[in-house]
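Take a look at the structure below.
Letters A, B, ... are given to chains in the order of the sequence lines, protein chains preceding strands, and every chain is numbered from 1. If you're wondering where the values come from, they're calculated on a predicted model, not measured in any experiment.
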Protein chains: 2
Amino acid sequence: MDSRKIPKPTIKRLAIFHRCLENLVISGVSSISSKDFADRLGIKASQVRKDLSYFGEFGKRGVGYNTELLLDSISEILGIRKRWNTCIVGMGNLGMALANYPGLSKSGFVAKALFDNNPNKIGMPMPNNLMIESTAKLKEIVKSRNVEIGVITVPASAAQSTADLLTEAGIKGIVNFAPIRLSLPQEIINEEIDISASFRSLAFSMTYGSSKKGRKH
Amino acid sequence: MDSRKIPKPTIKRLAIFHRCLENLVISGVSSISSKDFADRLGIKASQVRKDLSYFGEFGKRGVGYNTELLLDSISEILGIRKRWNTCIVGMGNLGMALANYPGLSKSGFVAKALFDNNPNKIGMPMPNNLMIESTAKLKEIVKSRNVEIGVITVPASAAQSTADLLTEAGIKGIVNFAPIRLSLPQEIINEEIDISASFRSLAFSMTYGSSKKGRKH
DNA sequence: TGCTGTGAACGACTTCACAGCC
DNA sequence: GGCTGTGAAGTCGTTCACAGCA
């Protein structure tokens, strides 16, 4: 383990490895080579081996990887056993969708609070014994429920102030869906998901032709 | 314009430049230097200049960039004036959220059809004179309404078959929200948005410490 | 022999540093 | 002097190629 010099894309891929391995284990595949595994994901075998090599040696030379063992190791690496308390700020369509998305809680991200400042929404009951609460109470609630991750799904104009509020509340990580780059203290980890930007990027590639190589598989 | 060798990250940033410029123009800022602009976005000035240099010369030495002019140029580059017809397949929470998200149509991505195969949803009226239609009619509808982009918001298990269906229907680009890597003919442009993977990536950074430099500003 | 693990080569993207114009 | 535009240098991530073990 080469501690602390792990490429970000490697982490993203590990999350994908994890999902693929789950399927393999369920399908009863007990062993797989880096080549076969890579083909399934549309990447190179060397990439698979290099990604794993940052964290240790998980395979058997001449054989391949034991799927269950590897799944376990990757769960460990990604800290998937840990549960993370999250809160969602901005219960518009996207916030609602996230609050109802089972994939997140399945991955260990548990919503502990949902905030909005629209009085008509406050008090609205939501799944998992939650209800929408006032943003005014955010600081207090985040602290008392040990929320570590804040999800920002407010309009762009309110994103920075929401981020500031979350920071003051002592949050450690932010997932920001608002199409704006946030100014944050450097100790706060920040992940941006800009849906419009992805669409635009797609449109550009469609117009000018992709520079990427085609996926075979 | 160095045609066809433009880094993908450059395109993503251009989309961000665009949004930032809109704000600047609205605020009445008529000129800005690459340094000031970069600071606003938390990137390096040289990055701004390099990104723009792929497409031409938009600034005045010793002065900076005219915001309105630059906004115009970037709109041109990104093909933002063009309208793209999209369809959304899978009207769960996320599909609904996207169908209701004004940011997309504002960026020129207009939903022309919404599909689901749940009989209870079919026929349900939606904004913009749309209603949810049966996936069985996808091919026919996509062709007749000139849909170019397919958005996949079905569960992972149905994502590949949906992609195949869209491909057969003659779609040119896909935005895939399902947590699975799609196998596609190489002429289809593909953009993946994996929300769970982003959360996991965040969690990893929170656990092991970010390798990124802190954002100032 | 087959396949992993990994240093070294390569390629892609970013940053530097400065020439060139305002 | 100030700031852009850009080749050159540097950094980061991917791919190669092969040594080493089952």
What is the distance, to the nearest angstrom, from the [atom1] atom on [X] to the [atom2] atom on [N]?
X     : N      : atom1 : atom2 : value
B:K8  : C:dG11 : NZ    : C1'   : 17 Å
B:K12 : C:dC13 : NZ    : C1'   : 14 Å
B:I32 : D:dG2  : CD1   : P     : 18 Å
A:I11 : D:dT14 : CD1   : P     : 11 Å
A:K5  : D:dT14 : NZ    : C1'   : 15 Å
A:D36 : C:dG2  : CG    : P     : 14 Å
B:K35 : D:dG5  : NZ    : P     : 17 Å
B:R61 : C:dC21 : CZ    : P     : 6 Å

If you look at every heavy atom in A:R145 and A:A113, which pair is closest and at what distance?
NH1-CB, 3.6 Å

Take A:R13 and A:V63, find for each the nucleotide of DNA chain D with the closest heavy atom, and name the residue whose nucleotide sits nearer the 5' end.
A:R13

Between A:K60 and A:Q47, who's closer to the 5' end of DNA chain D by nearest nucleotide?
A:Q47

Closest approach to the side chain of [X], judged atom by atom: which nucleotide of [options] is it?
X     : options                : value
A:E57 : C:dA12, C:dT6, D:dT14  : C:dT6
B:K44 : C:dC16, C:dC3, C:dT14  : C:dC16
B:K50 : D:dT6, C:dC13, D:dC16  : D:dT6
B:Y65 : C:dC22, D:dT14, D:dT4  : D:dT4
B:R49 : C:dC18, D:dA19, C:dT14 : C:dC18

Assess whether a salt bridge exists between A:E191 and A:K8, defined as any Lys/Arg side-chain N lying under 4.0 Å from an Asp/Glu carboxylate O.
yes

Does any N or O in the side chain of B:S33 come within less than 3.5 Å of the main-chain N or O of B:G64, such that one atom is a donor and the other an acceptor?
no

Any side-chain to backbone donor/acceptor pair from A:Q160 onto A:L182? Under 3.5 Å, distance only.
no

Tell me what A:S46 touches on the nucleic acid: a base, only sugar-phosphate, or nothing, going by heavy atoms under 4.0 Å.
base

Under 4.0 Å between a side-chain N or O of B:S34 and OP1 or OP2 of D:dC3?
no

Hydrogens and angles aside, do A:N66 and A:S31 bring a side-chain donor and acceptor to less than 3.5 Å of each other?
no

